[in-house]
Protein chains: 2
Amino acid sequence: MLKQQVADIRAFNRFYTRVIGLLNKYILNSSFTLPEVRVLYEIYYHESITAGEIVQALGIDKSYLSRMLATFEKKKLVAKKRSGEDARILFLLLTARGRKEFEMLDAAQYSQIENILKRLSSVDCEMLVTYMTEIKKILAKAAT
Amino acid sequence: MLKQQVADIRAFNRFYTRVIGLLNKYILNSSFTLPEVRVLYEIYYHESITAGEIVQALGIDKSYLSRMLATFEKKKLVAKKRSGEDARILFLLLTARGRKEFEMLDAAQYSQIENILKRLSSVDCEMLVTYMTEIKKILAKAAT
DNA sequence: GATTATTAGTTGACTTTATCAACTAATTTA
DNA sequence: TAAATTAGTTGATAAAGTCAACTAATAATC
């Protein structure tokens with residue numbers, strides 16, 4: 001029955017909002033904020049990304065990002081390289097230090113998930129991953 | 001392999017963060033903020049809930065909630081009733097107006113999900129709900 | 001049964017997150 | 001070459017969230 005399905009999905013959304021919230025909480029104990037980590041993530045996995053692309057990808061304000069990048073530059077985590085072809089564009093890249101810092105965060109987030117999985121049987125782990133992957137696939141269909 | 005499982009779960013988390021973000025975006029066009037809607041939800045579905053229980057359920061700060069409830073009271077959406085047994089405790093309840101406002105929001109969120117399900121086959125709908133329910137069960141085990 | 005500890009909630013001060021509009025500098029177009 | 005676009009910066013400010021100290025009431029214990 002559709003009505004019950006909608007209710008179940010909303011229940012999952014509330015539940016999972018809380019899960020994500022708890023996982024993110026730990027980031028708040030790091031020296032970075034949540035949007036900062038997301039920005040570092042984008043630069044780490046797409047070196048030579050532009051500020052505009054991050055604005056698109058994360059849906060954040062360009063002025064907000066501009067200031068965030070300025071503090072990253074001050075801390076020598078991110079460097080900017082002006083494009084030769086279009087001098088309006090700045091390519092962003094992590095410095096060695098930026099990569100190192102991000103990798104530490106990334107590793108901590110990894111072990112946070114790992115600690116959850118450790119509490120589960122291997123069958124439950126497999127099922128969890130399978131269900132998540134399937135949900136992604138199904139929702140991707142709805143998005144087209 | 002555990003490593004891949006962790007990576008898959010993190011990919012799901014990034015994916016689902018966006019899903020929830022898109023669903024929540026509409027709330028931002030309402031006259032309520034996201035945490036406000038969550039608080040109204042809690043009171044609506046558990047009349048005679050206390051502030052402390054909401055803090056527990058949603059993981060929000062008690063001072064933040066305290067101020068939010070004050071604005072709800074000012075707008076005549078929420079009323080407080082001091083417990084006779086323990087005068088430290090305030091029970092929360094929605095006024096008729098609060099219930100009406102929440103029901104409008106709730107109906108809009110319902111049809112938002114409904115619109116997504118309409119784009120899926122009934123098998124996909126059922127699978128989606130099943131997977132979500134199973135994920136909740138599995139993660140609940142890990143939480144104990 | 002007075003004193004201490006605990007609990008529920010409030011308040012003040014603050015930080016983080018986010019937005020808007022005006023601006024600079026470079027590039028494209030007409 | 002002037003006008004329009006584009007990428008990003010800066011100033012001002014609002015909204016969201018947090019922390020710690022506080023009040024008021026109750027419960028615990030000596």
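The chains referred to below are lettered A, B, ... by the order of the sequence lines, with proteins before strands, and numbering in each begins at 1. The model shown is predicted, which means the values in this text are computed figures rather than measured ones.
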Value in whole Å for how far the P atom of C:dG9 lies from CD of B:Q56
12 Å
For A:I60, answer base if it contacts any base atom (sugar-phosphate contacts may also be present), sugar-phosphate if it contacts only those atoms, and nothing otherwise; contact means non-hydrogen atoms under 4.0 Å.
nothing
Counting only side-chain N and O atoms of A:T33, is one of them less than 4.0 Å from OP1 or OP2 of C:dT17?
yes
Return the nearest nucleotide to the side chain of A:P35; candidates are D:dT18, C:dA18, C:dT11.
C:dA18
Between A:K80 and D:dA7, is there a contact of a side-chain N or O with OP1 or OP2 at under 4.0 Å?
no
Rounded distance in Å - CD (B:E53) to C1' (C:dT7):
13 Å
Could you check, using the six-membered ring where one of them is a Trp, whether A:F32 and A:Y41 have ring centers closer than 6.0 angstrom?
no
Rounded to whole Å, how long is the line connecting atom CD1 of A:I89 with atom P of C:dA26?
14 Å
For A:M68 and C:dT16, what is the distance between atoms CE and P respectively, to the nearest whole Å?
12 Å
For atom CG of B:D61 and atom P of D:dA20, their distance in whole Å
11 Å
Give a yes or no answer on whether the side chain of B:T130 reaches the backbone of B:E126 with a donor-acceptor pair at less than 3.5 Å.
yes
Distance in Å, B:E134 CD paired with A:Y131 OH, rounded so as to fall on 0.5 Å steps:
4.5 Å
Take atom OH of A:Y64 and atom P of D:dT10, then tell me their distance rounded to the nearest Å.
17 Å
Rounded off to whole Å, could you give me the CG-to-C1' distance for the A:L69 and D:dT10 pair?
15 Å
Identify, between A:R82 and A:S63, the residue whose nearest nucleotide on DNA chain C lies closer to the 5' end.
A:S63
Round to a whole Å and report the spacing from CG of B:L90 to P of D:dT23.
18 Å
Distance-only donor-acceptor test (3.5 Å): side chain B:R67, base D:dT18
yes
Mapping B:L65 and B:K62 onto DNA chain D by nearest heavy atom, which one lands closer to the 5' end?
B:L65
Less than 3.5 Å apart, any donor N or O on the side chain of B:D106 or B:Y44 sitting next to an acceptor on the other?
no
Choose from D:dG8, C:dT10, D:dT9 the nucleotide whose nearest atom is closest to any side-chain atom of A:T50.
D:dG8
Measure the acute angle between the ring planes of B:F12 and B:F15, then classify it against the limits of 30° and 60° as parallel, tilted or perpendicular.
tilted
